[in-house]
Trainee: 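Just dropping this structure here.
First the proteins, then the strands, lettered A, B, ... as listed; each starts at 1.
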Amino acid sequence: MAYFLQQLINGLTLGAIYGLIALGYTMVYGIIGMINFAHGEIYMVGAFVSLISFLVLGAAGITWVPLMLAIVLVISMVFTSIYGWTIERLAYRPLRGSVRLAPLISAIGVSIFLQNYVQLVQGARIKPLPPVIRGGFTLMGDGDNFVVQLSYLQIIIMLLTVGLMVAFTMVITRTDLGRAQRACEQDKTMAALLGVNVDRTISMTFVMGAALAAVAGVMVTMYYGVVDFYIGFLAGVKAFTAAVLGGIGSLPGAMLGGILIGLIESFWSAYFTIEYKDVAAFAILVMVLIFRPTGLLGRPEIEKV
Amino acid sequence: MIMPSPVTRSQPGGPALLEVEHLTMRFGGLIAVNDVSFTANDREITAIIGPNGAGKTTVFNCLTGFYSPTVGRLTLHGANGPVLLERLEAYRIAQLAKVARTFQNIRLFQNMSVLENLIVAQHNKLMRASCFSLAGLFGLPIYRAAERAAIEKARYWLDQVNLTDVADINAGNLPYGGQRRLEIARAMCSEPVLLCLDEPAAGLNPRESAELAALLCKIRDDEKIGVLLIEHDMSVVMKISDHVVVLDYGCKISDGSPDHVRNDPVVIRAYLGEDDDDVTASEVLAAAPAVTVTGGRS
C-alpha cells in the first residue's frame, strides 16, 4: 500500500510536468492544425535557462528560495517566450498557406537546430544542479522500513501546475485573447473579418505554449537535478503522446493525458521493468491512434453530407 | 453601351459612403468583374443583383480584402476620413474602415455560444480596453466595464433579431433562420458603417424573408449606415432597396432606382434571355460567350 502511494505521488508529479508541455502541443494544433515538434526543444531551452539563472542567482548571493524560484520562473518564461515567438515568425508563418507537411518538416528542422545549437554553446555533458529545495513530509512508514515521502518540491510542482492550469483555463474561457483564439481555431477568415488580428493571435498562442513549457523545464531541472541538450526530445514525444491520449486540440484532454502518462510510466517502472517504461508510454500512443484516434476527450470530426 | 447615370442620393456636398471606381478582377484569363463603378450611400440599401456568376460575390470579396483587385479603386468615406479598401488586409478593414459582411454559406463560430459570437465581433474594443487581455486576466475594473458594455450591446442585438432566449446555446445548434439572423447581429456588433450581406434571404421561408426585410430597413433607418445587399429574392430587393446595381457577366448593365431597373430592357434581357439580334444587348454582353439562354438564369 505504501509502495503504491509513493508511486502515485511520483506519477502525479511527473504527470503534471508532462501535462504542462502537452498543453503547448494541443494549443498549437488547435489553432493552426500543426504538430509543433520543436516544442520539446523549447522546454529544453527553458530547463537550461533555469539552470543558468539558478547558478547566477546563487553566485549573486540570492538564496532565499521563494524569491529565487520566482525570479528563475520569470526569466525562463520570458526567454522561452521569445524563442517561441521567433520560431513561429521565422519557421512557420512564411509556410502558412503552403502544403500541410511543410511546417511539420520545418518544425523538425527547428528541433534539430535547437538541439545542436544548445550542444554547441553549452557542451554535450550532463549539467548538474545542486538541490534547491530539500526536505519534505514523511507520510507513513511500513513494516519493511519502506517510507512514503512527499517532498516539498513535489508539492510545489503540483500546486504550481494546478495554479497555472486554472489561470490558463481562465485566459482561454474568460479573456478576449482566449475568445479570439477559439474564434481563429474555428474559422480564421471570419475572425479576420470581424477585426481579429489572426497572425498576432497565433503568435500569442506560441508564446503561451512556450511559457508553460518553460515552467515545466524549471521544475524538471529542480526535480531531477540534471540537464542536457537531449532531454527535449523524449519529454517532447511523451508530452505529445499525452496530448494525443487526451485528444489533440482539447485543453482538458492534454492535462488529463499528461497525468495518465505520468502515472502509467511511474507504475510501470515500479511494478515491471524500469528499462521499458518508455515502451509502455509509446505503446499507449500506438493503441490510442489505432483504437481511438480522437483521444479520450477529443471531439470526433463529424462530416456533414 | 447603355450606362444610365447612377443615382446619387448622398447629402449635397458630401461624397458617397462607398465609391467603387473601375473595379476589375481577373483570375488568369477569366474576367470575373469588368470595369464596374458604382456608389453606395449611407442610410440607403444598395442591392447588387444579377444572374448567377455575374460577379456579385467577387465584388464583395474585393471590398472585404479577400481579393486584391486587378484594377480599380475602392474608397470608403467613413468616420476616419477616406480609406482605400484595396490596400488593407482583411482584419484592418474591419478595424479601420468598419466594413462588416456575411456569407452566402453561414460562417458562425459553431462551437461558441450565441452570445460569445457577438462578443468576438467586439474584439478590438475589448482588446484595447483590456491592454491585450492582461486586465482581463486579473479582472480589473477597466476590463469589467468594457465587457459589460460589450454584453449590453450584444443583448441589444439579440433582442433585435429575437434570439435572446437562446443566447447561451451553441451557435451551431440554432435553426437555420436563427443562424442567418445571428450572422447579421454579429456583423452589426462590430459597429460597421457599411454592412455587406451576401444573400441573407437564401433558404428563408416567406415569413422569415419579410422579417428580414423589416430588420434591414430598421438597420438602415436606426443605425444610419449603408447596407450593400446581394440577393436573388426579387420581392425583397424591390421592396426595400433604395438603389439597385445590376451586373451580368462581370459588367454593370444597369444602375438606378428599383423602378428604373425593373423596366430596363437590358436587365430584362439579361434575366430572361433573348435570341434576337438586338444591337444593344449583343454589345453589352460582347465580353461574354454565347448568352442566348432560354429561360431565366436567376
Side-chain angles (χ1 to χ4, degrees), chain A residues 30-31 77 81 85 93 96-97 163-205 207-208 211-212 247 249-253 294 297-304, chain B residues 60-61 63-66 89-103 105-113 115-139 143-144 146-147 150 171-172 183 186-187 189-192 196:
Chain A
I31 201 159
M77 281 165 91
S81 298
W85 186 86
R93 195 184 294 182
R96 211 173 291 152
L164 275 173
M165 285 182 177
V166 169
F168 182 75
T169 312
M170 296 274 281
V171 170
I172 297 295
T173 54
R174 297 276 184 82
T175 71
D176 209 57
L177 176 66
R179 231 174 346 244
Q181 282 176 327
R182 282 179 292 143
C184 288
E185 193 182 319
Q186 292 178 40
D187 190 340
K188 285 193 222 356
T189 324
M190 195 63 231
L193 280 172
L194 292 170
V196 176
N197 185 338
V198 175
D199 279 338
R200 192 171 64 200
T201 309
I202 293 174
S203 290
M204 282 310 293
T205 309
V207 165
M208 281 163 72
L212 290 178
S250 150
L251 298 175
T294 54
L297 302 183
R299 274 189 302 269
E301 268 188 34
I302 304 163
E303 288 224 4
K304 276 192 183 167
Chain B
F60 266 30
N61 285 343
L63 282 175
T64 46
F66 268 113
E89 278 180 78
Y91 81 95
R92 297 287 292 161
I93 287 182
Q95 275 182 359
L96 195 70
K98 302 220 163 280
V99 176
R101 83 171 276 189
T102 67
F103 285 86
N105 47 339
I106 294 174
R107 295 182 79 156
L108 290 168
F109 301 118
Q110 309 268 335
N111 298 325
M112 284 190 186
S113 75
L115 182 66
E116 269 190 317
N117 265 279
L118 298 184
I119 293 178
V120 170
Q122 303 175 58
H123 171 80
N124 282 306
K125 244 182 1 184
L126 280 172
M127 241 2 204
R128 237 172 291 129
S130 65
C131 313
F132 303 105
S133 283
L134 279 179
L137 182 56
F138 300 113
Y143 178 72
R144 291 264 179 80
E147 200 177 44
E183 269 210 310
R186 184 177 64 179
C189 274
S190 65
E191 298 183 338
C196 305

Trainee: Mind listing the closest non-hydrogen atom pair of B:Glu116 and A:Thr173 along with its distance?
Mentor: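 So the two residues come closest at OE2-O, 4.2 Å.
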Trainee: Minimum heavy-atom separation for B:Glu147 to A:Arg174, with atom names?
Mentor: OE2-O, 3.7 Å
Trainee: Hey, could you give me the CZ/NE2 distance between A:Arg179 and B:His123, rounded to the nearest 0.5 Å?
Mentor: 9.5 Å
Trainee: How close do B:Tyr91 and A:Val196 get, heavy atom to heavy atom, and via which atoms?
Mentor: CB-O, 3.3 Å
Trainee: Go through the steps to decide whether A:Glu185 and B:Asn111 satisfy the test side chain to side chain contact (heavy atoms under 4.5 Å, CB included), and finish with yes or no.
Mentor: CA-CA 10 Å; A:Glu185 193 182 319; B:Asn111 298 325; over 6 Å; no
Trainee: Which distance, rounded to the nearest 0.5 Å, do you find between the CD of A:Gln186 and the CG of B:Asn117?
Mentor: 7.5 Å
Trainee: A side-chain contact here means heavy atoms from C-beta on lying under 4.5 Å apart; do B:Arg107 and A:Thr189 qualify?
Mentor: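 Heavy-atom side-chain distance check passes, below 4.5 Å.
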Trainee: With only heavy atoms counted, which part of B:Ala121 is less than 4.5 Å from chain A, the side chain, the backbone, both or neither?
Mentor: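 Both parts, backbone and side chain.
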Trainee: Check B:Met112 against A:Ala183 and note the closest heavy-atom contact, atom names and distance.
Mentor: CE-N, 3.2 Å
Trainee: Heavy atoms only: give me the nearest A:Asp187-B:Phe109 pair and the separation to one decimal.
Mentor: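 That would be O-CE2, 3.7 Å.
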